[in-house]
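Source: prediction; values computed, not measured. Throughout, a chain's letter reflects where its sequence line sits, starting with A, and its residues are numbered from 1.
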There are 2 protein chains.
Amino acid sequence: MKNIISNINKAFDHRVRLGIMSVLMVNEYADFTSLKELLGVTDGNIASHIKALEKVGYVKVEKSFIDRKPNTRYSATKSGRNDFQKHIAAIENLLNQTQSKQ
Amino acid sequence: MKNIISNINKAFDHRVRLGIMSVLMVNEYADFTSLKELLGVTDGNIASHIKALEKVGYVKVEKSFIDRKPNTRYSATKSGRNDFQKHIAAIENLLNQTQSKQ
DNA sequence: TATTTTACTTTGTATCTCAAAGTACTTTAA
DNA sequence: TTAAAGTACTTTGAGATACAAAGTAAAATA
């Protein structure tokens, strides 16, 4: 390991994206509005964070119609789940190091 | 609590600043070069992150001369330590929620 | 005395974040 | 049946942030 933060994943390095992933680890699927409300951010804001996670292949978007109404649901991909676990471990390492030496 | 990420502190919401604080929790003091090397970032980059933490009162800068050479050392303030602990707790809450429900 | 190194600071661009406005419907009300 | 309001996003653009390169000044080294 080059340095103490090298295992921290840039893609998850924002509280909104951390929140999105946390929700998608717990729930198989989540829709736009649920994510927005759970995290307390605006439409445009959550959309851009979802898009960022989609771009790196961590979140999958499925669009369909329910009762002729458009429905979009989001889920975490396999690699999203994997890399998020690693990210958590990296943060915990960093913090454990911190706390144990106090 | 309004939403699941409301206790996550924006000031610490970047891996470099997370790293700086972790180092300063463990070590009473750290100098510019140590921080830079531990975190593997460029001069300008670490300088701006330190400045951001200084601006919100979480990091204190002390400049002095040792053997007529300028020496700058950084330390975490009381509120920096306090708020960092809270931030850690907030992240852990978010992640525990995640992990326990899987 | 010249050159290199150390320890930062300044600067400018590139990237990111965010909310407001826009779009494309569906639902409700008149 | 047409207008107004609501829902579920997407687009846009400005402001904030991150970053590396270049700059500076003093000290060490040759």
Listed pairs, N/O of protein and of nucleotides 9-11 of chain C, under 3.5 Å:
residue: C:dT9; atom: OP1; partner: B:Lys63; partner atom: NZ; Å: 3.0

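Scanning residues 34-42 of chain B for heavy-atom distances under 4.0 Å to DNA chain D yields B:Thr42. For the segment residues 12-20 of chain A, residues with any heavy atom less than 4.0 angstrom from an atom of DNA chain C are, sorted by number, A:His14, A:Arg15, A:Arg17.
In this structure, CG of A:Asp31 is placed 7 Å from P of D:dC9, rounded to the nearest angstrom. The separation between A:Ile5 atom CD1 and D:dA18 atom P is 12 Å, rounded to whole Å. When the C1' atom of D:dA18 is taken as reference, atom CD1 of B:Ile50 falls 14 Å away, rounded to whole Å.
Judged as a salt bridge (Lys or Arg N to Asp or Glu O under 4.0 Å), and not counting sequence neighbours, the contacts of A:Arg15 are B:Asp13. Residues meeting the side-chain contact (heavy atoms from CB on, under 4.5 Å) test with A:Ser34, sequence neighbours left out: A:Asp31. Residues satisfying the side-chain hydrogen bond (donor to acceptor under 3.5 Å, both in side chains) criterion with A:Asn27, sequence neighbours excluded, are absent altogether. Evaluation of the side-chain contact (heavy atoms from CB on, under 4.5 Å) rule for A:Ala47 yields A:Phe32 as partners, not counting sequence neighbours. Remark: A:Glu62 engages A:Arg73 in a salt bridge (Lys or Arg N to Asp or Glu O under 4.0 Å) (not counting sequence neighbours). Partners of A:His49 under the side-chain hydrogen bond (donor to acceptor under 3.5 Å, both in side chains) rule, at least two apart in sequence or in another chain, are A:Arg17, A:Asn45. In this structure, A:Asn82 has no side-chain hydrogen bond (donor to acceptor under 3.5 Å, both in side chains) partners at least two apart in sequence or on a different chain.
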Which is it for B:Asn93 and B:Asn7 under the side-chain contact (heavy atoms from CB on, under 4.5 Å) test, yes or no, and what are the steps along the way?
CA-CA 10 Å; B:Asn93 271 340; B:Asn7 291 322; 5.8 Å; no

Does B:Ile20 form a side-chain contact (heavy atoms from CB on, under 4.5 Å) with B:Ile46? I'd like the steps, not just the answer.
CA-CA 9 Å; B:Ile20 291 171; B:Ile46 195 118; 4.3 Å; yes

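B:Leu18 places a side-chain heavy atom less than 4.5 Å from the side chain of B:His87.
Distances shorter than 4.0 Å separate some side-chain N or O of B:Lys10 from OP1 or OP2 on C:dC18. Contact annotation: A:His49 side-chain N/O to C:dC16 OP1/OP2 distance is not under 4.0 Å.
Here the side chain of B:Thr33 is nearest to one of C:dA7, D:dA8, C:dT17, namely C:dA7.
Rounded to 10 degrees, the angle between the two end axes of the helix from C:dT1-D:dA30 to C:dA30-D:dT1 is 0°, with five pairs used at each end.
Considering all non-hydrogen atoms of both residues, A:Glu28 and A:Ser75 come closest at O-CB, 3.2 Å. Nearest approach of B:Ile5 to A:Gly19, heavy atoms of both residues: CG2-CA, 3.9 Å.
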Can you give each donor-acceptor pair under 3.5 Å made by side-chain atoms of residues 52-59 of chain B, sequence neighbours left out, with the distance rounded to 0.1 Å?
residue: B:Tyr58; atom: OH; partner: B:Asn9; partner atom: ND2; Å: 3.2
residue: B:Tyr58; atom: OH; partner: B:Asp83; partner atom: OD2; Å: 2.4

